[in-house]
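For reference, the structure discussed in these notes is given below.
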Amino acid sequence: MVPPSPEQPGNRTALQILKEQGKLTSDTVAARVGDELVDLHSPVSNPAMVVPVVKSDLDALRVIRHSASHIMADAVQRLFPGTKVTFGPATDKGFFYDFDRPEGQFSESDLERIEAVMKQIIADNIPFRREVISKEEARKLFEGMNETYKVEHIERLEGEITIYRHGDWVDLCAGPHVLSTGCVPAVKLTSVAGAYWRGDERNPMLQRIYGTAFTSDEELQRYLDALQEAKNRDHRKLGRELDLIGFHKLAPASPFFMPRGTQVYNRLIEYLRALYSEYGYLEVISPQIYDNELFRISGHLPEYAENMFAATTVESLEESADRISKRSDFDAPSLQRELEQSLRYGVKPMNCPGHCLMYGMNRRSYRELPMRMADFGRLHRFERSGVTQGLTRVRTFSQDDGHIFCTLDQIQSEIASFLDLVNRVYKDFGFSDVRVMIATRPDERLGSDEAWDRAEEALKQAVKAKGLPFEIAEGEGVFYGPKIEFHINDALGRPWQLGTIQVDFNLPERFDLTYVGEDNQHHRPVMLHRAIFGSVERFLGVLIEHVGGAFPLWLAPEQVVLLTVSEKVNDYAREVLLQLQLQGIRAVSDFSSDKLGAKIRNARAMRYPYLAVIGQKEAEQKGVSLRSRDQNKDLGFTSLNALVDIIRREGVPFSMRNN
RNA sequence: GCCAUCUUAGCUCAGAGGUAGAGCAACGGUUUCGUAAACCGUAGGUCCCGGGUUCAAAUCCCGGAGAUGGCUCCA
């Protein structure tokens, strides 16, 4: 690392200052002055406040990655003259740079070439240099280079404009950067993708190249290994290998649950049902298809129409055709109206409108509140083809949906109770590290400020009362009310939003829902939307990846598999199988003529929690030789009673165990 | 929807303008075996679909479907 020494007059550089103060270490990447990140090679005005930013610092990684993106853009323009640069920031996992390349796209093999040139630029160890210029100079500079996107962006900038050079290459950039290109220790280009200029789909499509950079080759390798591990745990891969789920092109983005997957799915729902009876929910079943009038009342039409499946009948279509054929003067608008009329029904994308109808079917008393309605009804949403993904983004799914009708005063205690429930559930699935996010009123909203004040305060108070740390997402609430979101990290540290609870002032209003209060007057209830899993499909997908396909004993499709050493013990093994099944244990068997080693290998691939080996010895002593999946070792001879005890004890979620 | 990539046996993948390959799985047989793969054999294909170019297309071109990675990070 040979630092350049800028010959600028006046202030000394952060590098010089740190060196004088004896704070400069070999892993210093940049510096911080107050809150501001600065280059090592640029002059700073107040030396007393300069602090080094070292490699282990998260900010250091961003600086390195941002510099890597410049190096990449340089390499791209060397290899593909005429390509224009746009934006190239560091991201959480690496960096990207968006290019406008007239000849078209970059291919995967281009990435290798670009990477090779990048490595050369890094080896050349070219110093980065920051310059402050006027808007006019900047405009002239980038116009001269025909960098039209940069020129466009300059017009949006105010105040000081900075550019960064390394060698001949220059970019409009806020910085900061590392000392020189040699200070990017490990870099790798990962993928190409299309991206719109400024992220707006009305703008031209640019070519985005993704890459990542780390402070060492070891760190980079660890990241690549983690990517590989994520690939191995991918629920689409495991879902097929373990015969849990399937997809077919005749039902795009709609999962099929194979028998084994259905077992897990149903067990998830049974588990919640058990909790619901404890937490005072009443389960309901509501229709799938409604007259569109419902969705007009709820506001889903026209707002949500593009995500809904329309439904109709032949009768309705024939009536429309009839009317059209009888009139010759149909113009476009009336045809449009006719079409809408013929599509009389809609498939529900949410349960709430139906639940509002159910609430309104009886006169409600304050004594009935809070009324907690749960529904595992199937929902259909039309997701655009590019956004669907495995189980995590599908077109048909069910939610562990629930709606609580209550008074404003009851919100806080309802939230408190829900927080208990959510935490208990996540703990049972081994999700630690739950983060709570409170989203407050957006600019465009429904309901009085007073109601918002009370609702937001109720959310905060309830969370505080539980002693839970939380973050506020200012203005991120939905238009109809504030909400709490629950985010978890899975076993690979990836974040997921699962549960939520949302206050809704809107729907009770639209459906004119009321209850009779103590005062014998009609009052408007508040509605809470809440879910713990979110979509059951998505939750299962996350869970599969979290446990790597190895479901806990209480969820596993099979709890134990019997493996015979030879045919000679098949009779005894059959008897054991029957005994276990009679005791309610989910037991299966492998009586094939494979050798024991192969049977164990196959059984492990299927992630059976327990393997029970049965040979001559076990048949004589009336037991099995038990092997645990999670410990991956032989636990020795186990009697049948002991086996049943083990499975019964472990076959229950943590929070429902007696001891 | 848009950009890129992909689609060959149930699965994982190789191949390639001259007519289809492997491993695993399946099926049949031999073996009866003690803690992560016994052996032999059989069968399995509209090379995603439709059109075009060609003497010849699974391969090249066009269109479509489905899938995969992106389309939030802001000079």
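For clarity, every value in this text was computed on a predicted model and none was experimentally measured. Residue numbers begin at 1 in each chain, while the letters A, B, ... track the order of the sequences.
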Identify each atom pair where a protein N or O and an N or O of nucleotides 72-74 of chain B are less than 3.5 Å apart, giving names and distance.
residue : atom : partner : partner atom : Å
B/U72   : OP2  : A/G199  : O            : 2.9

So A/E152, base contact, sugar-phosphate only, or nothing? Heavy-atom distance under 4.0 Å. nothing
Name the closest nucleotide to the A/K568 side chain, picking from B/U12, B/G34, B/C33. B/C33
Is any side-chain heavy atom of A/K135 closer than 4.5 Å to one of A/L157? no
Phosphate-side-chain proximity, A/R604 and B/A37, N/O vs OP1/OP2 below 4.0 Å: no
Can you tabulate the close N/O pairs, meaning under 3.5 Å, that link protein atoms to atoms of nucleotides 25-31 of chain B?
residue : atom : partner : partner atom : Å
B/U31   : O4   : A/S593  : OG           : 3.3

Using a strict cut-off of less than 4.0 Å between a Lys/Arg side-chain nitrogen and an Asp/Glu carboxylate oxygen, indicate whether A/D39 and A/R129 qualify as a salt bridge. no
After noting the C-alpha distance and the side-chain angles of A/R574 and A/Y572, does the key distance pass the side chain to side chain donor-acceptor pair (under 3.5 Å) rule? CA-CA 5 Å; A/R574 259 189 281 275; A/Y572 170 70; over 6 Å; no
Side chain to side chain contact (heavy atoms under 4.5 Å, CB included) partners for A/N307, two or more places apart: A/Y304
Are any of the side-chain heavy atoms of A/T388 and A/V394 separated by less than 4.5 Å? no
Using a strict cut-off of less than 4.0 Å between a Lys/Arg side-chain nitrogen and an Asp/Glu carboxylate oxygen, indicate whether A/R494 and A/E545 qualify as a salt bridge. yes
Sequence neighbours excluded, which residues qualify as side chain to side chain contact (heavy atoms under 4.5 Å, CB included) partners of A/S56? A/V54
Along nucleotides 62-68 of chain B, 5' to 3', which nucleotides get a B, which get an S, and which get a -, given that the test is a protein heavy-atom distance under 4.0 Å? ---SSSS
When rounded to whole Å, the CD to C1' distance for the pair A/E306 and B/G1 reads 10 Å
Selected nucleotide, minimal atom distance to A/A598 side chain, candidates B/U35, B/A37, B/G69: B/A37
Roughly how far apart, to the nearest Å, are B/C24 and B/A67 at atom P? 31 Å
Identify whether any heavy atom of A/G597 sits under 4.0 Å from a base atom; if not, whether one sits that close to sugar-phosphate; answer base, sugar-phosphate or nothing. sugar-phosphate
From the options B/U35, B/C71, B/G34, select the nucleotide whose nearest atom is closest to the side chain of A/A195. B/C71
Between B/G1 and B/A56 - P atom distance, rounded Å: 35 Å
To the side chain of A/S191, which of B/A4, B/G69, B/C33 is closest? B/G69
Map every base of RNA chain B to its dot-bracket character, where paired means a Watson-Crick or G-U wobble contact with both distances under 3.5 Å and | marks a partner outside the strand. ((((((((.[[[[.)..(..]]]].(((((.......))))).....[[[[[..)....]]]]])))))))....
I'd like to know if the side chain of A/Q621 pairs up with that of A/Q616 as donor and acceptor (distance under 3.5 Å, no hydrogens or angles considered). no
Minimum side-chain heavy-atom gap A/L189-A/I114 below 4.5 Å: yes
So if I take residues 67-80 of chain A and measure heavy-atom distances to RNA chain B, which residues fall below 4.0 Å? none
A/S566 or A/D634: which one's nearest nucleotide on RNA chain B is closer to the 5' end? A/S566
Roughly, in whole Å, what's the span from CZ in A/F591 to P in B/C33? 17 Å
Nucleotide B/C33, atom C1' - distance to CD1 of A/I614 in whole Å: 16 Å
Partners passing side chain to side chain donor-acceptor pair (under 3.5 Å) against A/R233 (at least two apart in sequence or in another chain): A/E229
Which is true for A/K150 with a 4.0 Å heavy-atom rule: it touches a base, it touches only sugar-phosphate, or it touches nothing? sugar-phosphate
Just jot down the ring pair (Phe, Tyr, Trp, His ring centres under 6.0 Å) partners of A/F591, sequence neighbours excluded, or say none. none
Measure from the side-chain heavy atoms of A/R601 and tell me the nearest of B/A36, B/C71, B/A4. B/A36
Roughly how far apart, to the nearest Å, are B/G50 and B/C39 at atom P? 41 Å
Does the side chain of A/Y196 pick up a donor-acceptor pair with the side chain of A/R198 at under 3.5 Å? no
Counting only non-hydrogen atoms, which of residues 620-629 of chain A are less than 4.0 Å from RNA chain B? A/S625, A/R627
Salt bridge flag under 4.0 Å for residues A/K140 and A/E137: no
One thing to verify: whether A/K622 and A/E618 come together as a salt bridge, which I'm taking to mean a side-chain N less than 4.0 angstrom from a carboxylate O. no
Output side-chain donor-acceptor pairs under 3.5 Å for residues 57-66 of chain A, partner residues at least two apart or in another chain, one line each.
residue : atom : partner : partner atom : Å
A/D57   : OD1  : A/D59   : N            : 3.3
A/D59   : OD2  : A/R32   : NH2          : 2.6
A/R62   : NH1  : A/D92   : OD1          : 3.4
A/R62   : NH2  : A/A90   : O            : 3.1
A/R65   : NE   : A/A213  : O            : 2.8
A/R65   : NH1  : A/D92   : O            : 3.1
A/R65   : NH2  : A/A213  : O            : 3.4

If I take atom CG in residue A/L189 and atom P in nucleotide B/G70, what distance separates them, rounded to the nearest angstrom? 16 Å
Rounded off to whole Å, could you give me the CG-to-C1' distance for the A/D98 and B/C2 pair? 14 Å
Determine whether the side chains of A/S67 and A/H177 contain a donor N or O and an acceptor N or O closer than 3.5 Å. yes
Could you list the donor-acceptor pairs under 3.5 angstrom formed by side chains in residues 243-257 of chain A, with sequence neighbours left out?
residue : atom : partner : partner atom : Å
A/H248  : ND1  : A/L250  : N            : 3.0
A/S254  : OG   : A/P252  : O            : 3.1

Euclidean distance for C1', B/G10 against B/A43 (whole angstrom): 13 Å
When rounded to whole Å, the CD to C1' distance for the pair A/E241 and B/U12 reads 9 Å
For nucleotides B/A14 and B/C73, find the distance between their C1' atoms and express it as a whole number of Å. 40 Å
Given atom NZ of A/K188 and atom C1' of B/G69, what is their separation to the nearest angstrom? 15 Å
Considering only the C1' atoms, how many Å lie between B/C62 and B/G70, rounded to the nearest integer? 26 Å
Could you check whether A/E155 pairs with A/R139 (Lys NZ or Arg NE/NH1/NH2 to Asp/Glu carboxylate O, under 4.0 Å)? yes
Salt bridge A/R435-A/E485, side-chain N to carboxylate O under 4.0 Å: no
Atom pair distance, as rounded to whole Å: CG in A/N307 and C1' in B/G1: 12 Å
Between B/U7 and B/A58, how far apart are the two C1' atoms, rounded to whole Å? 12 Å
Is there a side-chain contact between A/L640 and A/V624 in this structure, where contact means two heavy atoms from C-beta onward sitting under 4.5 Å apart? yes
Closer to the 5' end of RNA chain B via nearest nucleotide, is it A/T162 or A/I600? A/I600
Considering only heavy atoms from C-beta outward, does the side chain of A/R78 approach that of A/W169 to under 4.5 Å? no
